[in-house]
Amino acid sequence: SKKTDTAATGTDGADTTTVAFVPKLQGVPYFEAMNAGGEAAAAELGFEWVYRGSTTADAGAQTDIVKSLIQQEVDVLVVAPNDPDSMAPVLQDAADAGIEVMTADTDAPNSVREVFVNQATAEGIGTALTDSLLEAMGGKGKYAIVSCGQTAANLNSWIEVQKEVTAEKYPEAEIVDIVYAGEDEAKATSMAKDLMNAHPDLTGLVGECTSSAPGVAKAVAETGKIGQVFTVGLGTPQAMKQYLDEGSASTTILWDVEKLGYLTGWAGKQLADGTAFSATNEVSADLPAVEYTDSDKMLLLGPPLEITKDNVDQFDY
Amino acid sequence: MSRSPATAPTAPRPAPGGPPPAREPLPARLLRIALTERVALLAVLLVVVVAVFWWQGRNQYLVAPYDLPYLASALESMVPVCILAIAQLLVVVSGRGGIDLSVGGIVSLAGMVFGFCVGPFGWATAPSVVVAVAAGALMGALNGFLVAYVRFPALIATLATSYAFGALALLSNDNAPISDEPVQELHELTRSLAVPGVGDVPLQVLTFLVPVLVVAWLVLARSTYGRSLYAVGTNDVAALYATQPVRRTRFLAYVGSGLLAGVVAVVTVAQFASARPDAGSAGNGMALPAITIAVLGGVAIQGGVGRVGGVVVAALLVTWLNAGILLAFEGSEGSRYQLLALGLVLVLSALLNTLALRRYGRIS
Amino acid sequence: MDGSGPGGQGDVLLRATGVEKRYGGVRALRGVDFEVRAGEVHALVGENGAGKSTLIKIVSGAETADGGTVTVAGTALEPGSTQAAMAAGIATVYQEPHLFGELDVAENVFLGRELRHGGRVDRRAQRARVVELLEQIGLDPAIADVRVADLPVAEQQLVSIAKAFAHSARVLVLDEPSAILTDREIEILFAVVRRLRAAGMGVVYISHRLDELAQITDRVTVMRDGLVVAGEPTASLTVRRIAELMVGHAVGGRGRRQRAVDGEEVLAVRGLGRGERFRGLDLTVRAGEVVALYGLVGSGTSDIARALYGITPATDGVVAVDGRQVRLRSPRAAAAAGITLLPGNRKAQGVFGDKSIAFNISSAHLGFLSRSGWFDARREREVAEHYISEIAIKAPGPDTLVGNLSGGNAQKVVLARQLVEKPRVLVMEEPTQGVDVGAKEEIHRLVLELAAAGSAVLVISTDLAEVLELADRVVVVRRGSVVREFAAGATQADVLAAAAGDAGTTPGGTAADPTSAPTSAPTGAGGTP
Amino acid sequence: MSVLATRPEPAAAATTRRRPVLRGVEGQELVLIGVLAVTWVALSLATDTFLTGGNLRNIVFSVAPVALIGIGMTAVIVTAGIDVSVGSQVAVVIVVVGKLVRDAGVPLLPALAVALVLGGVLGTVNGLLVSYGRIHPIIVTFGTLNVYRFVSLQIFGNEQVSGVPGTFAVLGGGQRGQLLGIPAAFLLAVVLGALMWCYMRFWPTGRHLYAVGGDPLAARLAGVSVRRRVVSAYVLTGVCAGLATCVLIGSGGLVQQNAGAGLELAVIAAVVIGGTSIVGGRGTVLGTLLGALLVGTITSAVTLLGWSSQLTNLFIGVFILIAVGADLLRERRRRSR
Ligand SMILES: Nc1ncnc2c1ncn2[C@@H]1O[C@H](COP(=O)(O)OP(=O)(O)OP(=O)(O)O)[C@@H](O)[C@H]1O
Ligand SMILES: Nc1ncnc2c1ncn2[C@@H]1O[C@H](COP(=O)(O)OP(=O)(O)OP(=O)(O)O)[C@@H](O)[C@H]1O
Ligand SMILES: [Mg+2]
Ligand SMILES: [Mg+2]
């Protein structure tokens with residue numbers, strides 16, 4: 001069937017703007033939820049939303065996709081870079097092609113992006129993770145972190161904060177080890193078990209990303225240590241539900257991903273229309289006051305959410 | 001099957017006493033070559049793919065025009081995989097189950113070496129490039145020593161070293177990429193070059209890919225070493241009896257592979273303006289795609305057979321096919337259908353090839 | 001004579017009619033009719049590339065014919081199925097031994113038709129049976145559970161013969177079984193074949209050693225260029241006549257040559273040795289001289305050859321070429337010293353199967369054919385074309401894949417490789433294995449020419465007739481050391497006795513065998529049975 | 001006759017060069033057992049946590065999938081083939097079965113059957129393309145690696161399967177997945193491995209696998225039905241992949257799109273470390289299981305010793321070289337004697 005893409009081939013100056021979003025990879029609930037939010041924004045604010053992700057999370061594949069979007073002459077390009085610095089060059093190409101460039105979820109600070117839609121500050125996430133875990137652990141004890149990609153910039157920045165917060169606020173608590181399981185839940189589970197074996201007195205585990213959060217919870221459940229070892233993590237609600245219910249996961253730290261997607265779409269539309277952001281923006285009824293800091297050109301969704309078994313059912317992703 | 005790419009079809013033998021074999025008409029001849037010669041088959045396929053997508057683009061079936069500039073810019077992602085496929089060509093041809101799974105690890109580690117030289121050490125580009133490529137060659141030499149002299153199965157030796165190199169790359173800078181000012185400026189090496197009539201061609205095609213291809217072709221098709229390599233790969237005992245330096249020949253193939261991986265490391269660092277410790281392992285890693293391209297290009301895994309031409313055509317085919325598929329879909333399906341397309345091209349072209357070879361009586 | 005047994009009287013067991021086979025452009029078979037009767041040994045002879053192996057491959061289901069039919073005892077055979085052929089009672093020994101290096105002898109013999117016990121392979125029964133078989137064909141029963149890869153190629157050939165005997169067949173096909181066997185082993189083989197014939201079996205016997213035919217076969221079918229040109233009782237044919245039928249024209253006979261050799265010492269070997277393989281070898285070969293190294297399988301001659309070529313270097317002793325002492329650490333070193341080797345195992349050590357004739361010939365002369373690291377493909381072609389005509393390699397051209405050549409033509413290609421750079425010392429292992437009379441003469445002529453041109457030639461052959469025909473001196477090796485040396489003109493009996501030692505083989509013992517008399521006639525077109 | 005039967009000389013070689021085949025345990029297996037033993041002893045001395053039930057359980061459980069697929073892969077590689085598509089086979093089976101047990105609530109046995117059959121089908125496609133299509137296995141399976149991955153992603157349809165029930169818990173890593181305190185998944189691998197070991201050693205068709213790998217032409221001439229053997233090896237691998245998938249689903253939870261990614265290398269590594277010749281004709285399942293165990297041990301050892309986890313792969317690499325290298329040296333010495 002013909003792709004009637006008046007906007008895409010923007011030559012005939014049609015008015016519909018196209019905002020394209022490139023996730024780190026397709027198919028994971030997190031980005032699919034952002035996509036849903038973006039589509040909602042597109043419907044309400046009247047622009048075209050393109051969502052195109054690769055099957056593997058690497059800079060090369062992402063670059064090819066960005067290229068195809070440049071070729072498509074979209075008006076706004078939003079990227080959640082797998083590797084921030086690697087994206088800089090191709091984002092430059094996009095800007096040269098007259099496309100408004102922005103980042104969401106993960107920033108590319110050294111790039112030409114005009115705005116970064118941030119879900120929450122590293123401080124916010126790191127602190128929330130640490131506080132909710134140590135609340136479960138009773139403010140003291142040894143815990144370990146099961147992270148994912150060794151080179152994932154944002155995860156590493158959160159871990160830094162967790163270290164600081166633990167050191168300052170919880171003198172009796174200690175991070176005994178940090179391991180990397182990649183985007184592989186099974187590996188995360190097995191590594192979590194290794195950690196519990198290596199440190200019999202371990203009382204806490206953090207799953208740093210959406211694949212290791214359920215992973216560590218599963219490990220606790222399978223070793224029957226529910227109540228002895230507490231886990232928190234950045235997991236998507238539906239994936240964490242069963243663990244939150246059975247108690248192998250205390251809390252999962254996240255934010256309203258669909259709202260993040262909506263905000264992203266909105267921001268893209270603003271860029272396309274050339275409307276500048278003000279210090280606080282009324283984006284929608286759900287997002288009455290989104291803050292914008294001009295120094296680092298960053299839109300901030302707000303503080304992270306603490307999702308527990310009580311509110312997990314509010315989210316359908 | 002394994003015979004097809006590298007050997008000219010046997011001319012009909014004038015059956016003594018019998019009637020001389022009838023001259024084959026040109027079209028039939030072209031068809032036979034197209035079907036029996038892997039390179040020709042792929043070339044035809046390439047033309048078809050490009051033509052179809054171009055036509056679709058013209059008639060708005062794609063989300064964007066499939067034109068020369070786009071094809072040119074797509075070459076950027078082909079440079080690394082194509083060079084690495086040539087590296088695989090070298091080692092696979094060298095025989096005895098030759099293969100190099102460690103190219104990914106080498107790209108990562110050599111890339112970090114390059115990053116350190118340019119960044120923290122603040123060296124000039126030229127010496128840094130030399131050091132990085134040399135580092136690659138050195139790692140290749142380790143593989144070569146293990147395979148040719150200690151007689152490790154290539155698959156095991158290079159798998160082990162790929163684990164090791166990858167780990168060292170991560171350790172080298174504690175997981176962090178190197179992307180400070182000087183490293184970012186390296187992007188100049190891979191800026192695109194406006195070619196009149198074509199559009200912007202990525203510079204590395206001319207500065208890295210083409211030279212590599214020319215040299216590889218000269219070495220394999222024209223040099224004494226190339227001949228020795230094919231002999232060793234076909235039957236290393238016979239090669240030994242034919243006074244070939246079997247071990248050295250095989251060893252050098254792996255050195256060459258490592259060296260090319262070093263070149264790719266430089267290209268990748270420049271292209272992404274940052275030296276990433278997981279450059280060669282991110283996603284599916286760099287080794288398997290490279291091997292896939294080599295195999296598609298008609299390199300026979302049992303050794304002794306394979307050509308630069310075939311690998312290049314295969315790389316072009318896959319690159320431009322993928323580029324087209326991305327434009328064929330609005331959403332995310334594109335990158336999934338890329339998998340399907342690659343799989344089908346691999347199997348069907350090989351199938352066609354074998355059927356043809358049986359039809360034309362080249363395999364018994 | 002012994003040959004005319006019940007031959008030809010029995011009813012037809014195997015009949016092939018109008019068999020056609022093409023390989024691409026090559027017409028290997030052009031409507032061949034062929035039959036084997038019960039209780040006859042039927043010889044199939046022809047030049048290299050005549051189509052013998054192709055025919056028997058089709059009969060055994062290893063290849064599928066393009067036309068024609070094969071019937072066994074009247075019932076048509078399913079084409080292209082080895083199982084069907086076996087089931088019909090056809091057992092085949094192919095020209096190239098087809099065994100599994102990683103498996104042991106017993107398993108090889110029964111592979112595909114294992115003796116079973118409750119579904120499992122009955123190793124004990126198999127082993128017992130194999131020990132019998134090995135003894136029948138004169139092999140050391142101890143090898144029953146040895147990896148085939150560890151056996152010398154001649155023993156491998158015998159194992160594949162044992163494999164064919166192992167199963168009660170009605171038709172036994174032997175494709176050049178004698179090509180790499182010693183005369184002694186051949187006699188043993190004949191004894192077994194005679195017993196099978198007596199038992200009413202039909203035997204197809206392919207060979208280039210025409211003098212054997214009179215001893216063992218009842219009928220001879222001659223093929224040329226994929227056609228049958230004659231089929232007559234052996235008794236009514238002479239070796240010369242058969243040779244003429246094969247070649248298609250009269251062949252010139254030639255008596256044993258007598259020539260004085262007074263060239264200077266080219267190859268001088270002193271006290272050469274390697275572990276238990278061989279020791280204390282003293283040997284000299286003069287310019288223009290042809291010396292033969294003769295020994296039974298396992299006597300160590302092959303190891304001496306490998307040592308002289310630096311494949312498995314000697315551990316002690318010295319070698320000098322033209323008076324200069326040389327260290328033979330690797331084949332390259334040997335070649336640099338002017339020594340080249342025609343390897344004994346064509347398939348494994350000789351040919352690059354899926355490469356062209358040109359590639360195969362040039363492979364040992366890359367330096368010679370290169371200018372400053374760049375390979376000269378034009379000269380390569382010229383060289384290849386030169387030898388294709390020079391030693392009559394039957395092939396479309398230099399681009400033909402050697403894997404597609406007949407056994408004998410492949411052998412010629414490997415030989416050509418040794419000649420390109422006019423070596424000072426030419427060591428030849430089984431120089432004419434699987435080569436037809438015509439080609440054999442050519443190769444012998446070449447060897448002599450090479451010698452005449454001042455090279456020193458060391459022939460390592462188990463074909464005694466050939467040894468005596470070619471050599472100016474025969475050096476007999478037993479258990480790794482020289483036991484005796486004969487000047488030209490020695491009789492087969494003497495040499496054989498020396499080689500076999502006293503182990504039950506005195507000239508008398510040989511004479512006792514009625515068939516041994518004809519054996520001593522020189523091979524080639526020369527003598528008559 | 002007896003006069004004629006002069007033996008060829010009992011060549012000095014016979015004693016040295018010639019070694020009888022089919023001794024109880026192959027060289028590489030001995031070496032691996034040695035290396036494993038040393039490592040385990042060292043670890044139990046170095047840490048007081050290694051020799052704990054929990055840890056050993058975790059090790060053997062985490063190697064179970066690789067070991068299971070390795071059983072089939074050994075057969076494939078012995079026939080001089082290779083199957084790099086196992087990871088994608090797992091992906092297809094895991095999404096289908098995952099959705100079945102979650103959405104249709106299919107119970108254990110039917111789900112298991114589906115997994116095995118589906119795996120078998122995927123394997124059959126490979127086998128037929130290799131044997132009847134006469135395409136080199138690496139081309140075929142690189143092709144299907146991509147095609148199967150595509151298929152599974154289409155079935156996933158943009159969302160991972162979360163909240164999978166514990167239908168397969170008996171094969172999972174939890175208490176329910178244990179038999180006498182040993183993970184059932186691992187026991188399964190051991191039992192199947194033993195069966196396969198006997199089959200490849202004592203049954204005619206099992207031996208034929210070696211013949212096919214050693215020299216297919218010779219095998220055909222000997223009357224071995226080469227194609228059937230080849231197909232059977234790939235089918236078996238597919239079935240094993242199906243079984244391994246059930247272990248991966250285990251006590252349920254999350255099923256990701258990247259399931260099985262990179263598994264092919266882990267399996268092939270285990271097989272080749274186990275002494276199976278990549279060019280075919282030689283190898284045993286026992287070696288494969290030991291190879292898998294070695295890799296698993298090292299992975300968890302690094303964490304137990306509290307070393308930075310980037311070191312893991314470094315050590316795996318080094319140990320592979322040690323384990324395989326030791327056998328090479330043995331062989332070298334044997335040959336030079
Ligand atoms: N003694 C031998 N007999 C038969 N084949 C051998 C022997 N030694 C080696 N080969 C075969 O020859 C191949 C090459 O052997 P090798 O590596 O020793 O060659 P080489 O000439 O010594 O190399 P280089 O000259 O560079 O040292 C081996 O793969 C092996 O299969
Ligand atoms: N697989 C093949 N492909 C192409 N041509 C072949 C093939 N096998 C045999 N030929 C050709 O068929 C012809 C007959 O070969 P064949 O092996 O039957 O000869 P032969 O009589 O056995 O010779 P020799 O006595 O040397 O073994 C030869 O010209 C050979 O080149
Ligand atoms: Mg023949
Ligand atoms: Mg000998």
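Here is how names work: the chains are called A, B, and so on, in the same order as the sequence lines, proteins then strands, and each is numbered from 1. All of these numbers come straight from a predicted model, not from anything done at the bench.
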Contacts table for residues 74-81 of chain B: side-chain donor-acceptor under 3.5 angstrom, sequence neighbours left out:
{"from": "B:E76", "atom 1": "OE1", "to": "A:K67", "atom 2": "NZ", "distance (Å)": "2.6"}
{"from": "B:S77", "atom 1": "OG", "to": "A:D64", "atom 2": "OD1", "distance (Å)": "3.4"}
{"from": "B:S77", "atom 1": "OG", "to": "B:A74", "atom 2": "O", "distance (Å)": "3.0"}

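- Heavy atoms of B:Q271 lying under 4.5 Å from chain A belong exclusively to its backbone.
- With respect to chain B, the highest number of heavy-atom pairs below 4.5 Å among A:N110, A:D83, A:V50, A:N35 belongs to A:D83.
- With rounding to the nearest 0.5 angstrom, the OH atom of B:Y337 is 13.5 Å from the OG1 atom of A:T55.
- Among the residues in residues 86-93 of chain A, those with a non-hydrogen atom closer than 4.5 angstrom to a non-hydrogen atom of chain B are A:S86, A:P89.
- Against chain B, the residues from residues 144-157 of chain A that qualify, each with a non-hydrogen atom under 4.5 angstrom away, are A:Q150, A:T151 in number order.
- The shortest side-chain heavy-atom distance between A:R52 and B:V63 falls under the 4.5 Å cut-off.
- Contacts between B:D67 and chain A at a heavy-atom distance below 4.5 Å involve backbone atoms as well as side-chain atoms.
- Both the backbone and the side chain of A:I65 come within less than 4.5 Å of a heavy atom in chain B.
- Put simply, of B:D278, B:N175, B:D174, the one with the most heavy-atom pairs under 4.5 Å next to chain A is B:N175.
- Residue contact with chain A, scored on non-hydrogen atoms closer than 4.5 Å, involves the backbone and the side chain of B:R336 alike.
- Of all the listed residues (A:A59, A:A20, A:G60), the one sharing the greatest number of non-hydrogen pairs under 4.5 Å with chain B is A:A59.
- Contacts between B:S332 and chain A at a heavy-atom distance below 4.5 Å involve backbone atoms as well as side-chain atoms.
- Using modelled atom types and a 3.5 Å distance limit, the side chains of A:D85 and B:S179 yield a donor-acceptor pair.
- Only the side chain of A:T63 comes within contact range of chain B, judged by heavy atoms closer than 4.5 Å.
- Looking at B:L326, both its backbone and its side chain come within 4.5 Å of chain A, counting heavy atoms on both sides.
- Counting heavy-atom pairs under 4.5 Å between each of B:E333, B:R276, B:H187 and chain A puts B:R276 at the top.
- Residues that satisfy the side chain to side chain donor-acceptor pair (under 3.5 Å) test with B:Q88, not counting sequence neighbours, are absent from this structure.
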